[in-house]
**Student:** 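Mind having a look at this structure? Questions to follow.
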Amino acid sequence: MGRFIKDFKRFFNYTVYSSKAELNSEVADSFLSWLWWFLDPLLYMLVYSFIAVVVFKSNVQYFPVFVFLGLNTWTFFSKTVKSSVKVVSGKKMIVTKVYVPKYMFIFEKIGVYGFKMVVSNLLVVITMIGYHVPLNWRIVWIIPISMVLVVVTFGLSTIISHFGVFVEDLLNVITVVLQLFFYLSGIFYSIEPIGKNIKGKVPQPYDTLLIKLNPIALVITDLRRVMLYGEDPHWLMLLIWFAAGLLMSIVGVKIIYKFENSYVKVI
């Protein structure tokens, strides 16, 4: 732990600089530049809202905001995890020349996609105002809920990044698994009963089981609870997954420290 904290402080500025550089490079040749950070989630929200409300006649209260929250959370998680598979080999020019703890590359991705999530969530707030969603004091719980999301994402990404160096086909496997979890995370439907007159789409007791076993479904559900419907989050499950995320992070960082010298020989 001491080495991790020391290295994190030492390479923190590098991570911030790299995150900014990647964000700038993404919009350097784009006509709309940084506006795509707003337009991308907004267009997805409109598509899912149209399909659910017009085609499937969904009556979920504040549905566009409901979908927006789910999409923003899922995009941060899935893109960070997916990018972690090749994050070490993708930094070959750096890895082979200077020493940087390899988990700092994951922090770089968290910085990039975390910034995009914050920008997208500004649209969530605007949409909430447009739909006259009543504000309540429980909205402050988005901070600990977001901490759970970040810790779980980092922990899982560290482990995946290690195996991604040695297993060439891991990206294909992760892509399929993420696609499965996309449909199991309640992005455009409610897993459990929530808010006013909103019925859960997953029958009991599978709804509770799905939220317990899927941390992203838990985070999405609890963000909707506290931001849209004034309900308390699942505190016990959030605490359990925060601890699980810390454990995965510790295991992942230790694995990286142990094997990172051999990465140069493989990539």
Side-chain angles (χ1 to χ4, degrees), residues 1-28 34 37 72-73 75-121 142-167 170-171 174 215-216 219 238-239 241-267:
M1 182 60 70
R3 181 183 176 185
F4 170 80
I5 295 174
K6 182 180 178 180
D7 284 344
F8 180 82
K9 291 180 179 179
R10 180 184 175 188
F11 292 96
F12 178 76
N13 289 334
Y14 159 80
T15 303
V16 174
Y17 175 81
S18 297
S19 297
K20 289 181 178 179
E22 182 170 338
L23 287 168
N24 289 331
S25 66
E26 285 185 6
V27 298
W34 53 267
W37 298 336
N72 290 345
T73 304
T75 299
F76 168 79
F77 171 77
S78 63
K79 288 194 173 182
T80 303
V81 170
K82 192 173 181 178
S83 65
S84 69
V85 179
K86 298 294 184 180
V87 72
V88 176
S89 58
K91 297 286 186 177
K92 183 177 180 179
M93 296 300 294
I94 297 176
V95 172
T96 55
K97 293 181 179 180
V98 297
Y99 174 73
V100 178
K102 308 311 176 285
Y103 57 79
M104 296 305 295
F105 300 145
I106 298 173
F107 279 123
E108 176 187 333
K109 297 299 181 182
I110 287 177
V112 170
Y113 297 121
F115 176 80
K116 290 181 179 181
M117 182 172 65
V118 171
V119 170
S120 297
N121 281 337
I142 63 176
I143 297 176
I145 295 172
S146 298
M147 288 177 61
V148 173
L149 173 63
V150 171
V151 170
V152 169
T153 302
F154 175 74
L156 183 60
S157 297
T158 54
I159 297 173
I160 290 176
S161 67
H162 166 72
F163 290 103
V165 175
F166 302 100
V167 183
L170 184 59
L171 181 59
I174 293 298
I216 306 307
V219 168
L238 286 173
L239 182 60
W241 272 111
F242 182 76
L246 285 178
L247 180 60
M248 286 190 293
S249 300
I250 293 172
V251 171
V253 169
K254 286 187 174 182
I255 291 175
I256 289 175
Y257 273 140
K258 183 177 181 180
F259 293 98
E260 63 180 349
N261 289 334
S262 63
Y263 294 165
V264 179
K265 302 175 183 178
V266 179
I267 63 175

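Values below: all heavy atoms of this structure, side chains included; hydrogens, waters and symmetry mates excluded.
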**Student:** Roughly how far, to the nearest 0.5 Å, is the NZ atom of K82 from the CD1 atom of I160?
**Tutor:**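 Going from the CD1 atom of I160 to the NZ atom of K82 covers 12.0 Å.
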**Student:** Kindly indicate whether the side chain of F105, heavy atoms from C-beta on, has any atom under 4.5 Å from the side chain of F11.
**Tutor:** no
**Student:** Just to verify, what does V118 make a side-chain contact (heavy atoms from CB on, under 4.5 Å) with, not counting sequence neighbours?
**Tutor:**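 By the side-chain contact (heavy atoms from CB on, under 4.5 Å) rule, V118 matches no residue at all.
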**Student:** Taking the inter-plane angle between the rings of F154 and F4 on a 0 to 90° scale, is it parallel (under 30°), tilted (30 to 60°) or perpendicular (over 60°)?
**Tutor:**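 Tilted: the ring planes of F154 and F4 meet at 30° to 60°.
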**Student:** Does a side-chain heavy-atom distance below 4.5 Å link L238 with F242?
**Tutor:** no
**Student:** Find out whether F115 and K20 are in side-chain contact, i.e. whether some heavy atom of one side chain is under 4.5 Å from a heavy atom of the other.
**Tutor:** no
**Student:** Would you say F12 has more than 12 foreign heavy atoms packed within less than 6.0 Å of its CZ?
**Tutor:** no
**Student:** Would you say the ring centroid of F8 lies under 6.0 angstrom from that of Y103?
**Tutor:** no
**Student:** Quick one: pull up CD1 in I94 and OG in S18 and give me the separation to the nearest 0.5 Å.
**Tutor:** 6.0 Å
**Student:** Identify which one of K102, H162, K92, K91 satisfies the side-chain hydrogen bond (donor to acceptor under 3.5 Å, both in side chains) criterion when paired with Y263.
**Tutor:** H162
**Student:** For S19 versus G111, what's the shortest heavy-atom pair and its separation?
**Tutor:**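 Nearest heavy atoms, S19 then G111: OG-CA, 4.0 Å.
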**Student:** For Y17, does the OH atom have more than 12 heavy-atom neighbours from other residues, nucleotides or ligands under 6.0 Å away?
**Tutor:**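 No, the 6.0 Å shell around OH holds no more than 12 heavy atoms from other groups.
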**Student:** Looking at R10, I want to see if its CZ is surrounded by more than 12 non-hydrogen atoms of other residues, nucleotides or ligands under 6.0 Å.
**Tutor:** no
**Student:** Could you grab the distance from atom CD1 of I159 to atom CE of M248, nearest 0.5 Å is fine?
**Tutor:**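 With rounding to 0.5 Å, CD1 (I159) is 6.5 Å from CE (M248).
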**Student:** Would you indicate whether the side-chain heavy atoms of S161 and I256 approach each other to under 4.5 Å?
**Tutor:**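 Yes, their side chains come closer than 4.5 Å.
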**Student:** If you look only at pairs with a residue in residues 147-157, which of them pass as a salt bridge (charged side-chain N to carboxylate O under 4.0 Å, His left out), with sequence neighbours excluded?
**Tutor:** none
**Student:** Would a 4.5 Å heavy-atom cut-off, applied to side chains only, mark K109 and E22 as touching?
**Tutor:**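 Yes - at least one pair of side-chain heavy atoms lies under 4.5 Å apart.
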**Student:** Is any side-chain heavy atom of I216 closer than 4.5 Å to one of L149?
**Tutor:** yes
**Student:** Check whether any side-chain heavy atom of F163 sits under 4.5 Å from a side-chain heavy atom of V85, and report yes or no.
**Tutor:**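 Result no, sub-4.5 Å side-chain heavy-atom pair not found.
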**Student:** Donor-acceptor check, side chain of T15 to backbone of E108, threshold 3.5 angstrom: yes or no?
**Tutor:**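 No, the answer is negative, given that no donor and acceptor are paired below the 3.5 Å cut-off.
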**Student:** Backbone N or O of G155 within a donor-acceptor pair of the T158 side chain at under 3.5 Å?
**Tutor:** yes
**Student:** Can you confirm whether S120 sits close enough to F76 that some side-chain heavy atom of one is under 4.5 Å from a side-chain heavy atom of the other?
**Tutor:**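 Not in contact.
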**Student:** Could you state the interatomic distance from CE (M117) to OG1 (T80), rounded to the nearest 0.5 Å?
**Tutor:**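 M117 atom CE to T80 atom OG1 measures 8.5 Å (nearest 0.5 Å).
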